[in-house]
Amino acid sequence: MRQKTLKRALVAFALALPGAAIATVAAAPAAHADGCYTWKRDLYQGRSGDDVRQLQIRVAGWAARGAIVRIDGDFGPETAAAVKRFQTAYGLRSDGIAGKQTFSKLYQLQDNDCTPAHFSYRELDGGCGKGGWSGGPLSATETKANAVHTMWKLEALRRGLGDKPLYVTSGFRDESCNKQVGGASNSQHLYGNAADVTSQSRSLCEISRASRDHGFSGIYGPGYPGHDDHVHVDSRRENNRDNLTNRTSWAAPDCGVSR
């Protein structure tokens with residue numbers, strides 16, 4: 001987890017300047033988002049395009065319990081429902097329409113590299129201390145994109161836990177790293193789709209139970225072999241590249257989490 005980013009520090013500095021300078025900063029609320037993505041129209045059911053796809057990535061962690069938000073660029077009922085949950089979670093008008101207020105909140109949450117406020121590429125980057133996104137079944141570009149998707153779900157999970165810090169102990173692993181740590185041969189970590197997390201303020205059972213409501217189709221925690229000191233979360237149901245049946249698999253027996 002990282003602390004306040006430079007962009008937030010600059011905004012805070014600007015707010016301490018004389019009135020004219022403040023007006024200049026306040027007049028361009030979306031400027032800091034240009035390094036990542038800026039929406040140019042309201043989005044609602046029936047609309048489609050890359051702007052919808054970008055929205056879906058950011059609200060994927062607000063799917064209903066056991067559900068997912070497909071990243072397909074089509075704004076349907078599941079996307080509208082996720083937008084509503086996102087809006088409710090951040091105290092916005094909950095109408096399922098992504099407009100100015102929703103986008104403003106997303107701009108506050110995203111950094112210029114498209115990662116969410118409280119997670120970074122470094123945290124999800126190559127396990128075993130190597131760094132980099134190559135060495136898995138997918139291209140480095142595809143793996144890195146999956147990691148962004150994972151981070152936005154983690155951001156939602158963090159919010160759902162009361163904005164208490166979550167720490168990623170393992171993210172993407174290349175083939176050699178996965179073998180080194182004894183990971184499953186078809187581990188979602190190989191695809192950038194998974195993260196092992198802990199917390200200093202929330203129990204592992206609280207994390208396991210909350211993960212059910214934030215788009216994770218894979219959850220393994222206390223009571224499952226090898227998972228008594230962390231919670232594994234992943235997006236296996238959305239992985240069409242692992243030659244496995246897309247399904248939900250939850251197992252944290254000590255926490256009453258199973259499926």
Undergrad: Using only heavy-atom distances, determine whether the side chains of T88 and S94 contain a donor-acceptor pair under 3.5 Å.
TA: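 Judged by distance alone, the side chains do pair up.
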Undergrad: Do the side chain of S134 and the main chain of A140 share a donor and acceptor less than 3.5 angstrom apart?
TA: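 Side chain of S134 to backbone of A140: no pair is present.
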Undergrad: Please lay out, stage by stage, how I207 and L161 fare under the test side chain to side chain contact (heavy atoms under 4.5 Å, CB included).
TA: CA-CA 8 Å; I207 296 172; L161 288 166; 4.0 Å; yes
Undergrad: Is there side-chain contact between L190 and D174, with heavy atoms separated by less than 4.5 Å?
TA: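 No, their side chains stay 4.5 Å or more apart.
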Undergrad: In chain order, what residues pass the ring-ring contact (aromatic ring centres under 6.0 Å, His included) check against H230, with sequence neighbours excluded?
TA: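 Checked H230 against ring-ring contact (aromatic ring centres under 6.0 Å, His included); matches are H227.
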Undergrad: Please walk me through it: do N193 and H149 pass side-chain hydrogen bond (donor to acceptor under 3.5 Å, both in side chains)?
TA: CA-CA 8 Å; N193 278 334; H149 187 209; 5.2 Å; no
Undergrad: Can you give me the closest heavy-atom contact between T198 and D229, atom names plus distance?
TA: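 Shortest heavy-atom separation between T198 and D229 comes out as CG2-O, 3.4 Å.
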Undergrad: For S104 and Q101, test the side chains for any donor-to-acceptor distance below 3.5 angstrom and give the result as yes or no.
TA: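 No - no donor-acceptor pair under 3.5 Å links their side chains.
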Undergrad: For K105 and Q108, test the side chains for any donor-to-acceptor distance below 3.5 angstrom and give the result as yes or no.
TA: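 Side-chain D/A pair, K105 to Q108: present.
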Undergrad: Nearest 0.5 Å, what's the CG-NZ distance between L157 and K164?
TA: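 Those atoms lie 14.0 Å apart.
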Undergrad: Counting only N and O atoms by type, is there a donor-acceptor contact under 3.5 Å from the side chain of H189 to the main-chain atoms of F172?
TA: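 No, the answer is negative, given that no donor and acceptor are paired below the 3.5 Å cut-off.
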Undergrad: Quick check against the 3.5 Å criterion: does Q110 have a side-chain atom that pairs as donor or acceptor with the backbone of C36?
TA: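 Side chain of Q110 to backbone of C36, a donor-acceptor pair under 3.5 Å: no, none is there.
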Undergrad: Going by the rule ring-ring contact (aromatic ring centres under 6.0 Å, His included), which residues pair with F75 if we only count those two or more places apart in sequence or in a different chain?
TA: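 Applying ring-ring contact (aromatic ring centres under 6.0 Å, His included) to F75 gives none.
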Undergrad: How would you list, by chain and number, every residue that makes a salt bridge (charged side-chain N to carboxylate O under 4.0 Å, His left out) with E175, sequence neighbours excluded?
TA: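 In terms of salt bridge (charged side-chain N to carboxylate O under 4.0 Å, His left out), with neighbours along the sequence ignored, E175 is linked to no residue.
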Undergrad: Does the distance from a Lys or Arg side-chain N to an Asp or Glu carboxylate O, for D51 and R41, drop under 4.0 Å?
TA: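 Salt bridge present between D51 and R41.
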Undergrad: For the pair W133 and D125, evaluate side chain to side chain contact (heavy atoms under 4.5 Å, CB included) and give the outcome as yes or no after the intermediate values.
TA: CA-CA 7 Å; W133 300 95; D125 195 358; 3.6 Å; yes
Undergrad: Identify all side-chain donor-acceptor contacts of residues 246-259 below 3.5 Å with residues at least two apart in sequence or on another chain.
TA:
{"unit_1": "N246", "atom_1": "ND2", "unit_2": "R237", "atom_2": "O", "d": "3.1"}
{"unit_1": "N246", "atom_1": "ND2", "unit_2": "N240", "atom_2": "OD1", "d": "2.7"}
{"unit_1": "S249", "atom_1": "OG", "unit_2": "Y220", "atom_2": "OH", "d": "2.5"}
{"unit_1": "W250", "atom_1": "NE1", "unit_2": "F216", "atom_2": "O", "d": "3.1"}
{"unit_1": "D254", "atom_1": "OD2", "unit_2": "G223", "atom_2": "N", "d": "3.4"}

Undergrad: Residues two or more places apart in sequence or in another chain: which of them pass salt bridge (charged side-chain N to carboxylate O under 4.0 Å, His left out) with D163?
TA: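 Per chain and number, D163 pairs via salt bridge (charged side-chain N to carboxylate O under 4.0 Å, His left out) with R158, R159.
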Undergrad: Counting C-beta onward and ignoring hydrogens, is there a side-chain heavy-atom pair between W39 and L55 closer than 4.5 Å?
TA: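 Contact flag for W39/L55 side chains = yes.
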Undergrad: Once you round to the nearest 0.5 Å, how far does CZ of F86 lie from OG1 of T102?
TA: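 Answer for the CZ-OG1 pair, F86 versus T102, is 6.5 Å.
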Undergrad: List in chain and number order the residues that pass side chain to side chain contact (heavy atoms under 4.5 Å, CB included) with I97, two or more places apart in sequence or in another chain; answer none if no residue qualifies.
TA: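 Applying side chain to side chain contact (heavy atoms under 4.5 Å, CB included) to I97 gives Y44, D95.
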Undergrad: Which residue pairs pass the salt bridge (Lys or Arg N to Asp or Glu O under 4.0 Å) test when at least one of the two sits in residues 144-154, sequence neighbours left out?
TA: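 Sorted pair list: K153-E238.
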Undergrad: Would you please test T38 and Y107 for side chain to side chain contact (heavy atoms under 4.5 Å, CB included) and show each step?
TA: CA-CA 8 Å; T38 300; Y107 293 146; 3.2 Å; yes
Undergrad: Heavy atoms, side chains only, cut-off 4.5 Å: are R241 and E142 in contact?
TA: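 Side-chain contact under 4.5 Å: yes.
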Undergrad: Can you check side-chain hydrogen bond (donor to acceptor under 3.5 Å, both in side chains) on D242 and Q188, steps first, answer last?
TA: CA-CA 8 Å; D242 59 0; Q188 295 301 311; 3.0 Å; yes
Undergrad: Is it true that, when you exclude N243 itself, more than 12 heavy atoms of the residues, nucleotides or ligands shown sit nearer than 6.0 Å to its CG?
TA: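 No, because the 6.0 Å sphere around CG of N243 holds 12 heavy atoms or fewer from other groups.
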Undergrad: Do the non-hydrogen side-chain atoms of L109 and P116 ever get within less than 4.5 Å of each other?
TA: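 They are not in contact (no side-chain heavy atoms under 4.5 Å apart), so the answer is no.
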Undergrad: Using 0.5 Å steps for rounding, measure from the OG1 atom of T115 to the CZ atom of R122.
TA: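 That separation rounds to 13.5 Å.
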Undergrad: OG of S201 to CG of L166: how many Å apart, nearest 0.5 Å?
TA: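 These two atoms lie 7.5 Å from each other.
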Undergrad: Sequence neighbours left out, what passes salt bridge (charged side-chain N to carboxylate O under 4.0 Å, His left out) with R202? Give chain and number order.
TA: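 Salt bridge (charged side-chain N to carboxylate O under 4.0 Å, His left out) list for R202, sorted by chain: E206.
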Undergrad: Of all the heavy-atom pairs spanning A194 and T150, show the shortest one and how long it is.
TA: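 In terms of heavy atoms, the two residues are closest at N-OG1, 4.0 Å.
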Undergrad: Cluster question for you: counting only ILVMFWY and a side-chain heavy-atom cut-off of under 4.5 Å, with indirect links fine, are V231 and Y224 together?
TA: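 The answer is no; the residues belong to distinct hydrophobic clusters.
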Undergrad: If you look only at pairs with a residue in residues 50-95, which of them pass as a disulfide (SG to SG under 2.5 Å), with sequence neighbours excluded?
TA: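 Non-adjacent pairs meeting disulfide (SG to SG under 2.5 Å): zero.
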Undergrad: I'd like to know if R58 and E155 make a salt bridge, using a cut-off of under 4.0 Å between side-chain N and carboxylate O.
TA: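 No salt bridge links R58 with E155.
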Undergrad: Examine V233 and L124 and state if one hydrophobic cluster contains both, with Ile, Leu, Val, Met, Phe, Trp and Tyr joined whenever side-chain heavy atoms are less than 4.5 Å apart.
TA: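 Yes, because V233 and L124 connect within a single hydrophobic cluster, where side-chain heavy atoms sit under 4.5 Å apart.
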Undergrad: When rounded to the nearest 0.5 angstrom, what is the spacing between CG in N178 and CG in N186?
TA: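 One finds 9.0 Å between CG of N178 and CG of N186.
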Undergrad: Which distance, rounded to the nearest 0.5 Å, do you find between the CZ of R85 and the OH of Y90?
TA: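 Those atoms lie 15.0 Å apart.
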Undergrad: Sorted by first residue and then second, give each disulfide (SG to SG under 2.5 Å) pair with at least one member in residues 46-94; sequence neighbours left out.
TA: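 Disulfide (SG to SG under 2.5 Å) check on residues 46-94 returns no pairs.
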Undergrad: Tell me, do I219 and H232 make a side-chain contact under 4.5 Å, heavy atoms counted?
TA: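 A side-chain contact under 4.5 Å is absent here.
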Undergrad: Do any N or O atoms from the side chain of D74 and from the backbone of G76 form a donor-acceptor pair under 3.5 angstrom?
TA: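 No, the answer is negative, given that no donor and acceptor are paired below the 3.5 Å cut-off.
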Undergrad: Under 3.5 Å, which donor-acceptor pairs link side chains of residues 61-70 to any protein atom two or more places apart or in another chain?
TA:
{"unit_1": "R65", "atom_1": "NE", "unit_2": "D213", "atom_2": "OD1", "d": "2.7"}
{"unit_1": "R65", "atom_1": "NH2", "unit_2": "D213", "atom_2": "OD1", "d": "3.4"}
{"unit_1": "R65", "atom_1": "NH2", "unit_2": "D213", "atom_2": "OD2", "d": "3.0"}
{"unit_1": "R70", "atom_1": "NE", "unit_2": "E78", "atom_2": "OE2", "d": "3.4"}
{"unit_1": "R70", "atom_1": "NH2", "unit_2": "E78", "atom_2": "OE1", "d": "2.9"}

Undergrad: Taking D72's backbone N and O only, do any of them form a donor-acceptor pair with Q56's side chain (distance below 3.5 Å, no angle check)?
TA: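 Checking the backbone N and O of D72 against the side chain of Q56, a donor-acceptor pair under 3.5 Å is found.
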Undergrad: Taking it one step at a time, do D196 and V168 satisfy side chain to side chain contact (heavy atoms under 4.5 Å, CB included)?
TA: CA-CA 6 Å; D196 294 344; V168 178; over 6 Å; no
Undergrad: With sequence neighbours left out, write down each residue that passes side chain to side chain contact (heavy atoms under 4.5 Å, CB included) with I57, or none if nothing qualifies.
TA: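 Result, side chain to side chain contact (heavy atoms under 4.5 Å, CB included) vs I57: R53, Q54, I71, V148, W152.
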